[in-house]
Amino acid sequence: LVETLIKNFGGDLKDKRVKYEVPDSLKSHFIRGYYDGDGSLYIKNEKDMELCLTGRTPILTKILDDVNIKVSIINDKSVKRARIRKIEDIIKFLKYIYSDIDENETFPLFIERKYKLYKELIGVCLM
């Protein structure tokens, strides 16, 4: 099994296997999936919120570049984390990943509880 993984995915270290090579037309979908898997959104009130992405530095850097957001990637225990705290940047990120979804699809390609947080955030910020 290990030999097959090394042969097909280029090594035993995750940094060597995981690549961020996504066509522009699919980037928002990829980043939405990444956020659904390794992201979180905390909303305390209209002025105190945070969007976090966890993962490897090269992928986090590329995602942030693609969405045109500048934040530091920090060590948080044993993982790397990008913490977005500016409300404008959080909204920018979420609008980017949710801009092309269809809420009425039979099998929507997003996690509903995270999408509901996005809608709640938009409602809070428009008040």
Side-chain angles (χ1 to χ4, degrees):
L1 179 63
V2 172
E3 289 174 12
T4 302
L5 288 172
I6 290 171
K7 178 182 169 196
N8 292 322
F9 297 102
D12 56 344
L13 296 175
K14 196 173 190 179
D15 285 339
K16 293 180 183 176
R17 291 185 322 230
V18 178
K19 304 291 183 206
Y20 185 103
E21 297 169 0
V22 180
D24 288 343
S25 62
L26 300 176
K27 282 186 180 177
S28 65
H29 301 290
F30 175 85
I31 295 171
R32 184 174 60 247
Y34 193 93
Y35 167 72
D36 280 348
D38 287 322
S40 56
L41 177 62
Y42 305 102
I43 303 172
K44 290 185 181 177
N45 58 52
E46 68 275 359
K47 294 183 182 179
D48 189 7
M49 54 191 73
E50 177 179 271
L51 189 147
C52 291
L53 295 173
T54 303
R56 305 283 183 188
T57 300
I59 292 177
L60 293 175
T61 300
K62 186 72 171 120
I63 286 172
L64 293 169
D65 285 347
D66 285 342
V67 185
N68 195 24
I69 293 175
K70 306 291 184 221
V71 297
S72 298
I73 296 170
I74 60 166
N75 288 322
D76 191 355
K77 299 180 184 170
S78 64
V79 298
K80 304 288 186 192
R81 190 175 311 270
R83 290 185 169 160
I84 304 170
R85 292 187 170 154
K86 287 184 183 176
I87 295 169
E88 303 82 28
D89 287 343
I90 293 171
I91 292 171
K92 181 181 189 178
F93 180 90
L94 294 172
K95 281 186 175 183
Y96 178 81
I97 66 171
Y98 291 123
S99 65
D100 53 3
I101 65 159
D102 180 357
E103 293 180 24
N104 300 315
E105 286 182 357
T106 305
F107 302 106
L109 299 176
F110 58 90
I111 293 180
E112 287 187 42
R113 68 179 168 78
K114 289 187 175 184
Y115 183 69
K116 285 180 184 177
L117 278 175
Y118 160 66
K119 295 298 240 180
E120 177 184 331
L121 172 65
I122 296 300
V124 166
C125 291
L126 293 177
M127 296 178 124

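Listed by chain and residue number, nothing satisfies the side-chain hydrogen bond (donor to acceptor under 3.5 Å, both in side chains) test with K114 (two or more places apart in sequence, or in another chain). Annotation: ring-ring contact (aromatic ring centres under 6.0 Å, His included) contacts of Y96 (sequence neighbours excluded): none. Every side chain to side chain contact (heavy atoms under 4.5 Å, CB included) that D48 has, sequence neighbours left out, goes to K44, N45. Residues forming a side-chain hydrogen bond (donor to acceptor under 3.5 Å, both in side chains) with N75 (at least two apart in sequence, or on another chain): K80. Evaluation of the ring-ring contact (aromatic ring centres under 6.0 Å, His included) rule for Y34 yields no partner, not counting sequence neighbours. Legend: residues meeting salt bridge (charged side-chain N to carboxylate O under 4.0 Å, His left out) with D36, ordered by chain and number and at least two apart, are absent. Every residue meeting the side chain to side chain contact (heavy atoms under 4.5 Å, CB included) condition with R83, not counting sequence neighbours, appears here in chain and number order: E50, C52, I74, D76, R81, R85. For K70, the side chain to side chain contact (heavy atoms under 4.5 Å, CB included) partners at least two apart in sequence or on another chain are D65, N68. Qualifying side-chain hydrogen bond (donor to acceptor under 3.5 Å, both in side chains) partners for D100, counting only residues two or more places apart in sequence or in other chains: S28, H29, R32. For T61, the side-chain hydrogen bond (donor to acceptor under 3.5 Å, both in side chains) criterion is met by no residue, not counting sequence neighbours. Residues passing the side chain to side chain contact (heavy atoms under 4.5 Å, CB included) test with E88 are K86, sequence neighbours excluded.
Contact between I73 and T57 at its shortest, heavy atoms only, is CD1-O, 3.9 Å. Nearest approach of L41 to Y118, heavy atoms of both residues: CD2-N, 4.3 Å. Here the closest heavy-atom approach between residue I43 and residue L117 is recorded as CD1-O, 3.7 Å. The two residues V71 and A82 come nearest to each other via the heavy atoms CG2-CB, 4.2 Å.
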Full working for side-chain contact (heavy atoms from CB on, under 4.5 Å) between Y35 and I63: CA-CA 10 Å; Y35 167 72; I63 286 172; over 6 Å; no
Test side-chain contact (heavy atoms from CB on, under 4.5 Å) on I91 and L121; report intermediate values, then the result. CA-CA 8 Å; I91 292 171; L121 172 65; 4.1 Å; yes
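In this structure, Y115 and F110 have tilted ring planes: the angle between them lies in the 30° to 60° band.
The CD1 atom of I31 lies 8.5 Å from the CG atom of L64; values are rounded to the nearest 0.5 Å. The CD1 atom of I87 sits 4.5 Å away from atom CE of M49, with the distance rounded to the nearest 0.5 Å. One finds the CG atom of L51 at 10.0 Å from the CG atom of D89 (value rounded to the nearest 0.5 Å). To the nearest 0.5 Å, the span separating CD on E112 from NZ on K119 amounts to 12.5 Å.
Transitive grouping of hydrophobic side chains (ILVMFWY, heavy atoms separated by less than 4.5 Å) keeps L53 and I111 in distinct clusters.
The pair K27-D24 meets the salt-bridge criterion, with a side-chain N (NZ, NE, NH1 or NH2) lying under 4.0 Å from an Asp/Glu carboxylate O.
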